[in-house]
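Reminder, nothing fancy here: chain letters follow the sequence lines and each chain counts from 1. The figures here come from the full heavy-atom set of this structure, side chains too, leaving out hydrogens, waters and symmetry mates. From a predicted model like this one, the values you see are computed outputs, not experimental measurements.
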There are 2 protein chains.
Amino acid sequence: MQMKTGVEQSIYAMLLLTFLPDKGVLPGEFISQQLGASPTYFQKLLRKLVHADLLMSVPGAKGGFRLKASPEQISVFDVYEAIEGKQSLYASSGVFEDLMGIQNQNICLLSDLMTEAEQSWQSTLKRETIDSIRREIYLNCPPDHLTKLQSLIEEKMIRN
Amino acid sequence: MQMKTGVEQSIYAMLLLTFLPDKGVLPGEFISQQLGASPTYFQKLLRKLVHADLLMSVPGAKGGFRLKASPEQISVFDVYEAIEGKQSLYASSGVFEDLMGIQNQNICLLSDLMTEAEQSWQSTLKRETIDSIRREIYLNCPPDHLTKLQSLIEEKMIRN
DNA sequence: ATAACGTGGATAACTATTGTCCACGTTATA
DNA sequence: TATAACGTGGACAATAGTTATCCACGTTAT
């Protein structure tokens, strides 16, 4: 049981996109290069983020991706859910309920507990946003790295 | 990202074993039959539980498994960890830290958050024990089912 | 001795994740 | 209007993780 690597990569992609000026976009291939991800697979992740309304995509030449909402409105959980989907971590098989003769009653021996555990996991991820991580970066990264990255992005980005 | 089915089966196995009188054991095959699990694979799960010191095994004819500790001392998390292992849900790739030039500093943009989320997930699973679930069963199951199961177990179990 | 049980390793089947490829639609630009 | 650069969606392959099977072996009751 491990989180998909795509979740981490997607969060980093979102973070990269916070560096982008208004109306600019970054091509998917550039983003995947920066993250060292496989370009073709990463496009799939980007599309999931678009489907989840976290990213906007501009097709055609000079196309690319940008954040759809502002970084304060996008939680880490939003990204997690966009990539991993909405299925919960635990799925009861119902065997034990059968064995105990409590099939149709609403007594979920384990399910309730698992649901509660998952919710407290999720609430931690909901608390933190792309913006709060971005602020941490601004506080902690060496300024030269930040400016270097900033200018790289401004070089590669496309204005509309 | 889904929990292994083995975790659920293992918890149910532990619960079954709470029905067992002192010094009795249940053969692995009987347990797997009750849970509708594949016998050979389920033996592997049982061995993981033995390795984690949650079960005791008695080899030889009239052998089988019994709980090693008392049900109050075994948390749902113990079983989870025995089956899933100790690796955490999230493993940082370090790519972004490289990109930001913060490799060797202790600034874990995501790791800290993920660790915190996982800990709150775990603490929920640690709170509940095999015994607390067993008590729920006793309260909620139709008494005839309970006595039927109890007598099935006493029939199939082996005293030492 | 033999049968019933657990043990551990090798290995296969299955499933989910990750990665690739291609035909296509859209748009900027020459 | 042609072409090149980009995103889209589907089909597909490679890889990794999970589940399942088998077997030779050690232990113990009978």
Over how many whole Å does the gap from [X] atom [atom1] to [N] atom [atom2] extend?
X: A:Leu17; N: D:dG7; atom1: CG; atom2: P; result: 11 Å
X: B:Glu84; N: D:dG17; atom1: CD; atom2: C1'; result: 11 Å
X: B:Met56; N: C:dG6; atom1: CE; atom2: C1'; result: 12 Å
X: A:Lys62; N: D:dA5; atom1: NZ; atom2: C1'; result: 11 Å
X: A:Arg159; N: C:dA28; atom1: CZ; atom2: C1'; result: 17 Å
X: A:His51; N: D:dG9; atom1: NE2; atom2: C1'; result: 9 Å
X: A:Met3; N: C:dA16; atom1: CE; atom2: P; result: 19 Å
X: A:Leu45; N: C:dT20; atom1: CG; atom2: P; result: 12 Å

Notebook entry, point to check: Atom CG of B:Leu26 and atom OG of B:Ser32: how far apart are they, to the nearest 0.5 Å?
Noted result: 11.0 Å
Counting side-chain heavy atoms from C-beta on, which of [options] comes nearest to [X]?
X: B:Pro27; options: D:dA20, D:dC6, C:dG6; value: C:dG6
X: A:Ala61; options: C:dA28, C:dG8, C:dA3; value: C:dA28
X: A:Tyr41; options: C:dA4, C:dT7, C:dT20; value: C:dT20
X: A:Lys4; options: C:dT18, D:dT8, D:dT28; value: C:dT18

Check: Toward the 5' end of DNA chain D, which comes first, A:Gly63 or B:Gln87, by nearest nucleotide?
Finding: A:Gly63
Next item on the list: Please say whether more than 12 non-hydrogen atoms of neighbouring residues, nucleotides or ligands are located less than 6.0 Å from CD in B:Glu29.
Entry: no
Next item on the list: Can you establish whether the number of heavy atoms outside A:Asp22 located under 6.0 Å from its atom CG is more than 12?
Entry: no
Check: With a 4.0 Å cut-off on heavy atoms, is A:Phe65 in touch with a base, just the backbone sugar-phosphate, or nothing at all?
Finding: sugar-phosphate
Next item on the list: Tell me what A:Met1 touches on the nucleic acid: a base, only sugar-phosphate, or nothing, going by heavy atoms under 4.0 Å.
Entry: sugar-phosphate
Margin query: Can you say whether a donor on the side chain of B:Arg47 sits under 3.5 Å from an acceptor on the base of C:dG8, or the other way round?
Written below: yes
Item checked: side-chain contact (heavy atoms from CB on, under 4.5 Å) assessment of B:Met1 paired with A:Lys4 -> CA-CA 7 Å; B:Met1 190 192 187; A:Lys4 295 181 194 172; 5.6 Å; no
Next item on the list: Nearest-nucleotide wise, let me know which of A:Gly60 and A:Thr5 is further upstream toward the 5' end of DNA chain C.
Entry: A:Thr5
Item checked: Assigned partner base of D:dT27, Watson-Crick or wobble definition, under 3.5 Å -> C:dA4
Next item on the list: Go ahead and name the base partner of D:dT1; Watson-Crick or wobble counts if both distances stay under 3.5 Å, otherwise write none.
Entry: C:dA30
Next item on the list: Verify the contact: side-chain N or O of B:Thr40 to OP1 or OP2 of D:dT19, cut-off strictly under 4.0 Å; return yes or no.
Entry: no
Check: Should B:Lys44 be listed as having a side-chain N or O under 4.0 Å from OP1 or OP2 of D:dA20?
Finding: no
Checklist line | A:Glu118 and A:Tyr90 side chains, donor-acceptor separation under 3.5 Å | finding: no
Notebook entry, point to check: Does B:Phe19 offer a backbone N or O that forms a donor-acceptor pair with the side chain of B:Gln150 under 3.5 Å?
Noted result: yes
